Amino acid sequence: MGSVPSSFHKIHVVATPIGHLDDLTERAREVLRRVPVIAAEDTRVSRTLLDHIGARARLIAVHEHNEAAAITQLSHLLREHDVALICDAGTPAISDPGARLLAGLTALGIQAVPVPGASAVTALMSVAGLGDGRFRFEGFPATRSKARQDQLRALARSEVTVVFFESPHRIEAFAQDLASVVEPQRPVVVGRELTKRFEQIVHVQAGALPAWLASDENHRRGEFVLALGPAPAAAAPAEAAITDVASLGALPVEAAQLLQALCEGLPASKAAKWAARLTGRKDVDWYRLASDHKRL
């Protein structure tokens, strides 16, 4: 929106520790000690952190229920001085309040300055050992079981790791739905209470996740980050591969030409997915043909 109007100061979006208070960066300490006003998700939670670092800023509550109203209040304050925005843990606007507030403020021409820090997502992914390091962040899944199952079913085909947040009162329902949708042996890495006293990082298969949670009541406590490993590449069964397009059910010759064209520019697994999507046939059938074509 062009240059920032001189009548506005900056809003600093400050990442706070997800557990261990010493994970607050020196830059974040300096900002939180310097600004006269801090917008916080829960002022009581934030006061503990601010007292820890000796910050004496005025606290204003900005949460999911008052973000729109807070735009006007903060825009007035930002005409006088810089303001910091924090949430209870982690980075504002990432599965936490702040996105609507920042959208409204930046639309007014106010500059938002990121002050990065601790992240539950990258903390878990750094030790998960899943896939090739690429991932998709989904945040909190749907709260209703049917919607959550539909969401998980759509994500089950992801070729990259999918990362979720989940709360203690929904973790068992999430685990049950996940186990019912993905392959039982699909790898899942559970991060519980990351950086806190009772931190736990567990590697488990999707089918065994409900049982692991049920095995100890402590396994169901705290905040969760879960990484679902990538979908396994389609594999040809032990029996002889289908090498003739006619064996798929007298498909027209255009189908063979389609597969050949897709294989020219895509790996066999992706070529099979696109062929299945365009024709309505199963991925596994197309994968056999695509694999054979690639070997020619």
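Sequence positions, counted from 1, serve as the residue numbers for this chain. Keep in mind that what you see is a predicted model, and the values were worked out from it rather than measured.
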Sub-3.5 Å donor-acceptor pair from the side chain of [X] to the main-chain atoms of [Y], do we have one?
X    : Y    : result
R136 : V162 : no
S126 : A123 : yes
E41  : D88  : yes
R186 : L178 : no
E64  : P97  : no
Q205 : V188 : no
R58  : V37  : no
T91  : I94  : no
R79  : F8   : no
T43  : L59  : no

Is [Y] reachable from [X] through a run of I, L, V, M, F, W or Y residues, each pair having side-chain heavy atoms under 4.5 Å apart?
X    : Y    : value
I201 : I18  : yes
V31  : I38  : yes
V83  : V14  : no
M125 : V202 : no
V204 : L155 : yes

Flag side-chain contact, heavy atom, 4.5 Å: [X] against [Y]:
X    : Y    : value
R56  : D51  : yes
I110 : I11  : yes
L228 : V189 : no
P141 : E166 : yes
R33  : I53  : yes
L130 : P187 : yes
Q111 : V113 : yes

When rounded to the nearest 0.5 angstrom, what distance separates [atom1] in [X] from [atom2] in [Y]?
X    : Y    : atom1 : atom2 : answer
Q73  : L101 : CD    : CG    : 10.0 Å
E67  : L74  : CD    : CG    : 10.5 Å
R144 : D150 : CZ    : CG    : 13.5 Å
R220 : S167 : CZ    : OG    : 14.0 Å
I86  : L24  : CD1   : CG    : 9.0 Å
L108 : I71  : CG    : CD1   : 7.5 Å

Practice task
State yes or no: are the ring centers of F174 and F164 separated by less than 6.0 Å?
Solution key: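 Yes: the rings meet the under 6.0 Å criterion.
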Compare every heavy atom of [Y] with every heavy atom of [X], then report the nearest pair and how far apart it is.
X    : Y    : value
A156 : A231 : O-CB, 3.4 Å
A120 : V225 : CB-CG2, 3.6 Å
V182 : A206 : CG2-CB, 3.4 Å
G131 : P230 : CA-CG, 3.9 Å
G117 : A15  : N-CB, 3.3 Å
S46  : C87  : OG-O, 4.5 Å

Could you check whether [X] pairs with [Y] (Lys NZ or Arg NE/NH1/NH2 to Asp/Glu carboxylate O, under 4.0 Å)?
X    : Y    : answer
E217 : R221 : yes
K196 : E199 : no
D82  : K10  : no

Exercise for the section: Would you mind listing every ring-ring contact (aromatic ring centres under 6.0 Å, His included) that reaches into residues 45-95, with sequence neighbours excluded? Expected result: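 Residue pairs with at least one partner in residues 45-95: H63-H65.
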Problem - Sole candidate of F198, F224, W212 that passes ring pair (Phe, Tyr, Trp, His ring centres under 6.0 Å) when paired with H219 - result: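 With H219 as partner, ring pair (Phe, Tyr, Trp, His ring centres under 6.0 Å) holds for just one option, W212.
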Problem - Step-by-step side-chain contact (heavy atoms from CB on, under 4.5 Å) determination, E193 to E223 - result: CA-CA 5 Å; E193 293 288 88; E223 299 298 326; 4.1 Å; yes
Handout entry: Residue pairs involving residues 17-31 (criterion side chain to side chain donor-acceptor pair (under 3.5 Å); sequence neighbours excluded)
Key =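 For residues 17-31, and leaving out neighbouring residues, the side chain to side chain donor-acceptor pair (under 3.5 Å) pairs sorted by first residue read E30-R34.
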Handout entry: Aromatic ring pairing F137/F165, orientation class (parallel under 30°, perpendicular over 60°, tilted between)
Key =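 Because their plane-to-plane angle is over 60°, the rings of F137 and F165 count as perpendicular.
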Practice task
Could you point out which residue of V45, L50, L49 forms a side chain to side chain contact (heavy atoms under 4.5 Å, CB included) with R47?
Solution key: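 Exactly one option meets the side chain to side chain contact (heavy atoms under 4.5 Å, CB included) with R47, and it is L50.
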Exercise for the section: Starting from the C-alpha separation in whole Å, work towards a yes-or-no answer on side-chain contact (heavy atoms from CB on, under 4.5 Å) for V163 and F135. Expected result: CA-CA 7 Å; V163 181; F135 65 90; 4.0 Å; yes
Exercise for the section: For the residue pair Q149 and S145, confirm or rule out a side-chain donor-acceptor distance under 3.5 Å. Expected result: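 Looking only at side-chain atoms, S145 and Q149 do form a donor-acceptor pair, the distance falling under 3.5 Å.
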Problem - Side-chain donor-acceptor contact under 3.5 Å, Q151 with E138 - result: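 On atom types as modelled, these side chains qualify, holding a pair under 3.5 Å.
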